Amino acid sequence: MGQFLELFILIGIAVFIIVYRRNPGEGVYKFFVSNATKVYDKYAPFSFKMVREKAISLGQEYNMRQYLTQIALIGGFAAMVGYFYFYSIIIAVIYACVAVSFIPYLSYLRLQRVYSEFIFEQIQTYTTNVIMEFNTTQSFVKSLEGVRDSGVLENPVLDDLKKMIEMSYQNGTIDESVVYFNSKYPYYMVKNMHQLFLQITKEGARDAGQALENMSMDIDALVEGVYRDQMDRKNFHGRFVKFGAILYMLIIILRFMLGEENYIEMLEIWYVQIILHAIAIINSFFLLSGEKYYNDDVGAE
């Protein structure tokens, strides 16, 4: 098994040298990045492409230096854990490679969070401005048109708003357009506001202004709760990452407590190595679960 791993590493080094010699001017890193980008553009889901493009336009996508720093930190930490756990350079390299392979997943989670925050801000702008426009126009569709022409919305919300207006004129009613927008953006503030406008449009209201003012206050309360949750998640995330790193260090501390000779002697027992691998895997799963929680449903109410 050890000879096979060494052969695999040697083959990898040979491939790296060949690529380097064939692309001296372009640079090995740039070569791999350009090819990885081509593969991504070909096979990545359209929805995630849109998410990434929006993150780039918002200036939230990492640049090359930030990604290289992330690779160095994550790969270096994983290599350190692999070596100090098992006293094996081969295992250290494997751990580093596996850890670096999860960086695209971490990037996916982060970009989804950035995109969900952007969408939530757009929905907040949509609901608030529709209510303000209705106070002037006293027409739901005219309010939508006013928000459309105000320039406060961006795609994809703007395109869905335009479609909503078209559906309202085509059907002569706002029912189907409201269902369409609610299905695209299932936020409480959207559903509640649309429900209120349906009641005003169909049944009328003696004091629509007061009802809309109460709705605006409810939206403000929902938004405040979401932003408070985002701040709590951010504070939790920093403490969580530190705690996860400490969990890895417990075995390293145990190694120093037992003494180097005793620890190396323990490593010769096969089930000890299995336990150590299991500890590393469980800790990694714990960290990934925390990252998923931190980045998931940021705009959820």
Side-chain angles (χ1 to χ4, degrees), residues 1-21 27-29 31-33 35-36 39-40 62 64-110 236-296:
M1 183 65 178
Q3 293 178 347
F4 174 77
L5 290 174
E6 291 177 1
L7 178 62
F8 179 79
I9 293 173
L10 289 174
I11 291 174
I13 295 173
V15 171
F16 179 86
I17 293 173
I18 292 172
V19 171
Y20 181 81
R21 292 181 64 87
V28 178
Y29 173 74
F31 171 79
F32 280 114
V33 168
N35 281 275
V39 173
Y40 167 83
Y62 281 174
M64 293 301 176
R65 177 177 295 180
Q66 288 172 311
Y67 273 119
L68 284 175
T69 301
Q70 192 177 33
I71 290 171
L73 290 175
I74 294 177
F77 183 79
M80 181 189 72
V81 169
Y83 181 77
F84 282 106
Y85 273 35
F86 301 98
Y87 277 99
S88 171
I89 295 178
I90 293 177
I91 293 179
V93 171
I94 293 174
Y95 268 42
C97 292
V98 171
V100 169
S101 69
F102 277 94
I103 288 180
Y105 175 68
L106 296 176
S107 176
Y108 165 79
L109 292 177
R110 185 181 59 80
F236 160 80
H237 181 251
R239 296 194 301 269
F240 177 81
V241 171
K242 293 177 183 177
F243 178 72
I246 291 173
L247 289 179
Y248 285 105
M249 296 301 173
L250 292 178
I251 297 298
I252 298 176
I253 295 172
L254 177 63
R255 168 195 160 214
F256 286 109
M257 292 175 61
L258 293 174
E260 189 171 344
E261 294 182 359
N262 292 331
Y263 186 81
I264 292 175
E265 187 176 342
M266 282 181 55
L267 287 177
E268 296 178 359
I269 305 174
W270 64 271
Y271 61 80
V272 171
Q273 295 202 20
I274 292 177
I275 292 173
L276 292 176
H277 283 299
I279 291 173
I281 292 172
I282 292 172
N283 287 347
S284 300
F285 179 77
F286 175 71
L287 277 174
L288 286 174
S289 299
E291 286 294 320
K292 189 173 186 302
Y293 167 77
Y294 170 63
N295 291 285
D296 269 358

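As the structure is a prediction and not an experimental result, all values here were calculated from the model. FYI, side chains are in, hydrogens and waters are out, and symmetry mates aren't considered; it's all heavy atoms of this structure.
When every heavy atom of A96 is checked against every heavy atom of A79, the shortest pair comes out as CB-CB, 4.0 Å. Nearest heavy atoms, A280 versus S284: O-OG, 2.8 Å. Nearest heavy-atom pair across I91 and H277 is CG2-CE1, 4.3 Å.
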### Message
side-chain contact (heavy atoms from CB on, under 4.5 Å) for N283 and L287? Distances and angles first, verdict last.
### Response
CA-CA 6 Å; N283 287 347; L287 277 174; 5.8 Å; no
### Query
Are E291 and V241 close enough, and set up right, to give a side-chain contact (heavy atoms from CB on, under 4.5 Å), and what steps lead you there?
CA-CA 9 Å; E291 286 294 320; V241 171; 3.8 Å; yes
### Task
Quick one: do R255 and M266 satisfy side-chain contact (heavy atoms from CB on, under 4.5 Å)? Show the steps, please.
CA-CA 10 Å; R255 168 195 160 214; M266 282 181 55; over 6 Å; no
### Query
Would Y263 and F84 satisfy side-chain contact (heavy atoms from CB on, under 4.5 Å), going step by step from the backbone distance to the final call?
CA-CA 10 Å; Y263 186 81; F84 282 106; over 6 Å; no
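When side chains are defined from C-beta on, L276 counts as touching L267, because their heavy atoms get closer than 4.5 Å. Using a 4.5 Å heavy-atom threshold, the side chains of F240 and Y293 count as separate.
L288 CG to I281 CD1: the interatomic distance, rounded to the nearest 0.5 Å, is 12.0 Å. The line from CG of L106 to CD of Q70 is 6.0 Å long, rounded to the nearest 0.5 Å. To the nearest 0.5 Å, atoms CD1 (I274) and CD1 (I279) are separated by 12.5 Å. To the nearest 0.5 Å, atom CE of residue M64 and atom CD1 of residue I71 are 10.0 Å apart. How far CD1 of I282 is from CG of L247: 11.0 Å, rounded to the nearest 0.5 Å.
Ring geometry for Y248 against F77 counts as perpendicular: the plane angle is over 60°, on a 0 to 90° scale with 30° as the lower cut. Using bins of under 30°, 30° to 60° and over 60° for the plane-to-plane angle, the ring pair Y105/F102 lands in the perpendicular bin.
More than 12 heavy atoms of other residues, nucleotides or ligands sit less than 6.0 Å from atom CD of Q66.
Partner Y83 forms a side-chain contact (heavy atoms from CB on, under 4.5 Å) with one of Y87, F86, Y85 and no other, that one being Y87.
Between the side chain of S107 and the backbone N or O of I103 there is no donor-acceptor pair closer than 3.5 Å.
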